[in-house]
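Contents: one structure, followed by commentary.
For this chain, numbers begin at 1 and follow the sequence in order. As a basis for the values below, the full set of heavy atoms in this structure was taken, side chains included, without hydrogen atoms, waters or symmetry mates. Fair warning: this is a prediction, and the values are worked out from it, not measured in the lab.
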Amino acid sequence: MINWSEQKKPIFGLSPMDGVTDAAFRYMVDTYSKPDVLLTEFVPVEAIAHGAEKVLHSFVYHQTETPTIAQIYGTDLIAYYKATFVACEAGFDGVDINMGCPDKTITKRGAGAGLILQPKHAQEIIKTVKTAIKDWSEGKTIEEAEVAESIINWVQTFKKTHNIITTRQILPVSVKTRIGVEVPVTEAWIANLLEMEPVAITLHGRTLAQMYTGRADWDEIGKAAELAHKTKTILLGNGDIQSMPEARDRINDYNVDGVLIGRATFGNPWFFKEHEATTAERFEATYKHVESFTRLLPDGHFISLRKHMAWYCKNIPHAAEVRAQLMQMNSLDDVRRILAPYTAQT
């Protein structure tokens, strides 16, 4: 379990990003630069409630001392209750509720950043997750929570395979969100969340309408930090941070307790150690990333690795040539074969 109140500050964590921060990516970042906290890709609570165990690939994680938090999203309260039991049973160190995803297929259902328009329902979601954690900590079983049998079987297999032993305790609940929908409503929205006393809030400095365009508004993040500092809730900032020096500047300038870093870590698992990787190290990491994917996610969509291969090729000799070949790879053997002549030259 992560104890946010005792976590050394400032906190530097890996931001959750759907389609990117899977188990292999988190393993790479954790191995090469050890952030303070890791968050999974988000998992839809309704899918868990309906027994769709295939969505749980996002809950796969590697064994590490780095706190790893399960992120979930959705709207249905009963589904949140069941999904929280799954996160607890799977051995995570906390549960994070996504109230910031701007994807239209998600927000049109009122989930993700769509919850900013439903402040009272957002409070009920936090309350429900906290209740589920309390019930689990007091001994209620995943079967008694009426979680689907297919999901229970997945959890049991996962725990057995990875030798996970859970301790029933109160896990922290956090929220990741945005500053508004069309325009910033930071103070009212954050005040609404703070009423439910989440242990931490991560605030991305853009509205839903902005998606990932324009610049993150750190002045709004600063307003949220000022509100949070009057409570026990930790406030983390998120958006447009390209380096660790810039992260430290944002923390100092806007009085946040830490930051989550997203896109700057793409192809750069060394980010948190501020290490400038050599070409040889990039080739090594490329291979290791694929190897960790095949080990951690043997049934994963292998083609999803190609974007990572492209990111690793940044600033290396013959980048376009290497990238073009890696975009055709379909196996670990392919990566080994493609990289062999280049690694021999480094």
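Checked by atom type and distance alone, the side chain of Lys82 pairs as donor or acceptor with a backbone atom of Glu146 at under 3.5 Å. No side-chain donor-acceptor contact under 3.5 Å links Lys176 to the backbone of Gln71. Within the 3.5 Å criterion, the main-chain N or O of Val183 finds no donor-acceptor partner in the side chain of Thr207. One N or O on the side chain of Arg168 and one on the backbone of Lys140 form a donor-acceptor pair closer than 3.5 Å.
Minimum interatomic distance between Lys314 and Arg282 (heavy atoms only, all atoms of both residues): O-NE, 3.5 Å. Contact detail for Gly74 and Val45: the closest heavy-atom pair is CA-CG2, 3.9 Å.
Linking ILVMFWY residues whenever their side-chain heavy atoms come closer than 4.5 Å, directly or via other members, leaves Trp189 and Met211 in distinct clusters. Connection of Val86 to Ile170 is established within a shared hydrophobic cluster, with ILVMFWY side chains joined at heavy-atom distances below 4.5 Å, either directly or through further cluster members.
The ring of Tyr312 has its center no closer than 6.0 angstrom to the ring center of Tyr287. Centroid-to-centroid, the aromatic rings of Phe42 and Tyr73 come within less than 6.0 Å. Less than 6.0 angstrom separates the ring centroid of Phe85 from the ring centroid of Tyr81.
No cation-pi contact links Arg250 to Phe12, judged by a cut-off of 6.0 Å to the six-membered ring centre and 45° from its axis.
Proximity of Val259 to Pro10: side-chain heavy atoms (C-beta onward) are nowhere separated by under 4.5 Å.
No option in Asp30, Ile261, Thr265 other than Asp30 meets the side-chain contact (heavy atoms from CB on, under 4.5 Å) test with Pro35.
The pair Arg295-Glu291 meets the salt-bridge criterion, since a charged nitrogen lies less than 4.0 angstrom from a carboxylate oxygen. With respect to the salt-bridge test (charged N to carboxylate O, under 4.0 angstrom), the residues Lys134 and Glu138 qualify.
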> Please walk me through it: do Arg306 and Asn330 pass side chain to side chain donor-acceptor pair (under 3.5 Å)?
Replying inline: CA-CA 9 Å; Arg306 290 180 177 177; Asn330 291 293; 3.1 Å; yes
>> salt bridge (Lys or Arg N to Asp or Glu O under 4.0 Å), that's the test. Do Lys8 and Asp36 meet it? Break it down for me.
In response: CA-CA 9 Å; Lys8 182 180 178 181; Asp36 296 317; over 6 Å; no
